[in-house]
Amino acid sequence: MRLRVEFTTEPFDLDEAPTHAVVAREVIQSAELDAVDVGPFGNTAEGGADEVLTAVGSLLRRALASGATRVSLQVNVIEGGAP
């Protein structure tokens, strides 16, 4: 099964990326995922279910430990992905 994760971390800072946002992006960029797209207001990545779920767990732990007060995420099964 393939999954897509979309996430944001808060609080926002329009002048400079907060530590929690940088950490969350580093987790996703270093995970074994593909189709990674990071941006100032949202981030997405796709990959196998095990890889996405492992990355999400790490992302939550590390972003919260780095000062995030809220992490919003959505995980979707990608159509056409293997069952």
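Keep in mind the model is a prediction, meaning the values are calculated, not measured.
- Among all heavy-atom pairs drawn from V23 and S66, the shortest one is CG2-OG, 3.6 Å.
- Cluster membership check: L64 shares its hydrophobic cluster with V27, using side-chain heavy-atom separations under 4.5 Å among Ile, Leu, Val, Met, Phe, Trp and Tyr.
- At a threshold of 4.5 Å between non-hydrogen side-chain atoms, the residues T44 and V36 do not count as touching.
- In this structure, H20 contributes its side chain and P11 its backbone to a donor-acceptor pair below 3.5 Å.
- Side chains of R2 and D34 form a contact here, defined as non-hydrogen atoms less than 4.5 Å apart.
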Quick one, V77 with L3, criterion side chain to side chain contact (heavy atoms under 4.5 Å, CB included). Give me CA distance, side-chain angles, the key distance, then yes/no. CA-CA 5 Å; V77 175; L3 301 175; 3.7 Å; yes
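- Atom-to-atom distance recorded for L73:CG and T9:OG1 is 11.0 Å, nearest 0.5 angstrom.
- Counting heavy atoms of neighbouring residues, nucleotides and ligands inside a 6.0 Å radius, atom CD of E32 does not exceed 12 of them.
- Hydrophobic clustering keeps F12 apart from V71 (ILVMFWY residues linked when any side-chain heavy atoms are closer than 4.5 Å, directly or through intermediates).
- Cluster annotation: V22 is not connected to V56 through the hydrophobic network of ILVMFWY side chains, with a link wherever side-chain heavy atoms come within less than 4.5 Å.
- Considering only heavy atoms from C-beta on, V5 stays 4.5 Å or farther from L59 through its side chain.
- In this structure R70 satisfies the salt bridge (Lys or Arg N to Asp or Glu O under 4.0 Å) test together with E10, sequence neighbours excluded.
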